[in-house]
Amino acid sequence: MTAFIIDGKAMALQIRQEVAEAAANFKAESGVTPGLAAILVGDDPASQIYVRNKGRACDEAGLFNEIFNLPADVAEAELMDLVQRLNGDDRFHGILVQLPLPGHIDSRKVLDSVSPDKDVDGLHPINAGRLLAGGDGFVPCTPAGVQQLLLRTGNDPAGKHVVVVGRSDIVGKPIAAIMMQKKPGANATVTVCHSATTDLPSITRSADILVAAIGQPHFIKADMVKEGVVVIDVGTNRIEDSTKKSGYRLVGDVDFDAVAEKASAITPVPGGVGPMTIAMLLSNTLQSAKRMAEAGQSPRP
Ligand code: NDP
C-alpha cells in the first residue's frame, strides 16, 4: 500500500478562507472585528517567524492583530501586567503568549494569568478542564488541527483505536482528550504512550490511527505500524543537511518514506500538522469574538 499524502497546507488554506468569510459575515452583522494580541518576549528567531506568520495569517483573514514585543530580560511582573491589560482590552478576543519564554519567567504562571475567555491557545487549566469535561472551552490549536486533518480526509476516529505517542500538556494530552470525547468527530478508543511505556511497538502496531508527538526524528519505523494505519506526524525536528542553505531541514517523528509504504494515509513534515496550527488559531479567535458578542460583551469594532 502506498499512502495518501494528507496535504495540511492546502487544508489549512481552506480553513483560513472559511474563517475569512465567516469573520466578514460576523463583522457585517455585529460591527465587531475579531482581534488577536500576540506577546513575543526576546528575539528568538524561530519565535519571531512564528509570531510574524500568525500576524500575516490574521491580516489575510481580516482579523485585527497586534504584536507586543518585550525584551528578553523583561521582569515577570511587567509581562504579567501586559497580560492583565490585554485581558481588559476589548479590541482583543484572543491573547497568545509565544513559547518558550526566557528561563527567569514562570511560563505556567503567565499562561494561567491569561483570561480563560481569551485563551485561544487553549492552554489555561480552565480550558484544559473544560476539554476533559466535554465542555465548550478553547481547544489547543495543534490538537484541534490534528482532529481536522482526520475528519476532512474521511478518517473519522469513531470506534477506531487511536494511539498517541507523547503526553505533553500542549500536544499529546489534549489530542487524547479530544479523541476520547463522546461526540461526533471523536469517540475513539485511545491509548497514550510515553517514554516509560513498555514494548511501545506492540502498542503502536495495534493503532488504526497513530499520532506521533515525540520530538525525535524518524522515531516511528515501518515495523512499528500495521498495514493501512492512518499516521499523523506532529513532530517537527531540525536535522543537519549540508545541501540546504540554512544547514538543516525539518523532519517529523515518523520515518516517512518507509511508513508511507504501509500506511493508508500520512501527513508529511513539513506541510502536514504545522500549517493547521495557525489555521485553528484564527478559528479559535473568531469563535472567541462570537462568544463574547453572544454573551453581550461589546468589544470595539
Ligand atoms: P515534549 O518534549 O513536551 O513531549 C514529548 C513526549 O514524547 C513526552 O510525553 C515524552 O514522554 C514522549 N517521548 C519522548 N521520548 C519517547 C520515547 N523514546 N518513547 C515514547 N515516548 C517518548 O514535546 P511536545 O509535545 O511539545 O512536542 C512533540 C513534537 O511535536 C516536537 O517535535 C515539537 O516540535 C512538535 N510540535 C509541533 C507543533 C506543530 O505545530 N506542528 C506544535 C507543537 C509541537 P515523557 O512524558 O515520558 O517524557
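Note that ligands are numbered from 1 as they come in the structure, with each ligand's atoms numbered from 1 the same way. Nothing fancy with the numbering, it's 1 onward along the sequence.
- In this structure, Ile170 has no heavy atom closer than 4.0 Å to ligand 1.
- The closest protein non-hydrogen atom to atom 11 (O) of ligand 1 is Ser195 N, 3.3 Å.
- Under the 4.0 angstrom criterion for non-hydrogen atoms, Gly274 is in contact with ligand 1.
- Nearest to atom 15 (N) of ligand 1 among the protein's heavy atoms is Gln216 NE2, 3.0 Å.
- Proximity annotation for atom 36 (N) of ligand 1: of Asp169, Val234, Val146, Val234 comes nearest, heavy atoms only.
- Counting heavy atoms from C-beta outward, Met276 and Thr142 have side chains that stay 4.5 Å or more apart.
- Residue-ligand proximity, Ala213 to ligand 1, at heavy-atom distances under 4.0 Å covers atoms 5 (C), 6 (C), 7 (O), 28 (C).
- Using a 4.0 Å heavy-atom cutoff, Thr197 is absent from the residues neighbouring ligand 1.
- From the protein, the heavy atom lying nearest to atom 33 (C) of ligand 1 is Thr236 N, 4.2 Å.
- Of the polar atoms of Arg167, at least one N or O is found under 3.5 Å from an N or O of ligand 1, judged by distance alone.
- Distances shorter than 4.0 angstrom do not occur between any heavy atom of Gly172 and any atom of ligand 1.
- The aromatic rings of Phe68 and Phe92 stand perpendicular to each other, their planes meeting at an angle above 60°, with 30° marking the opposite boundary.
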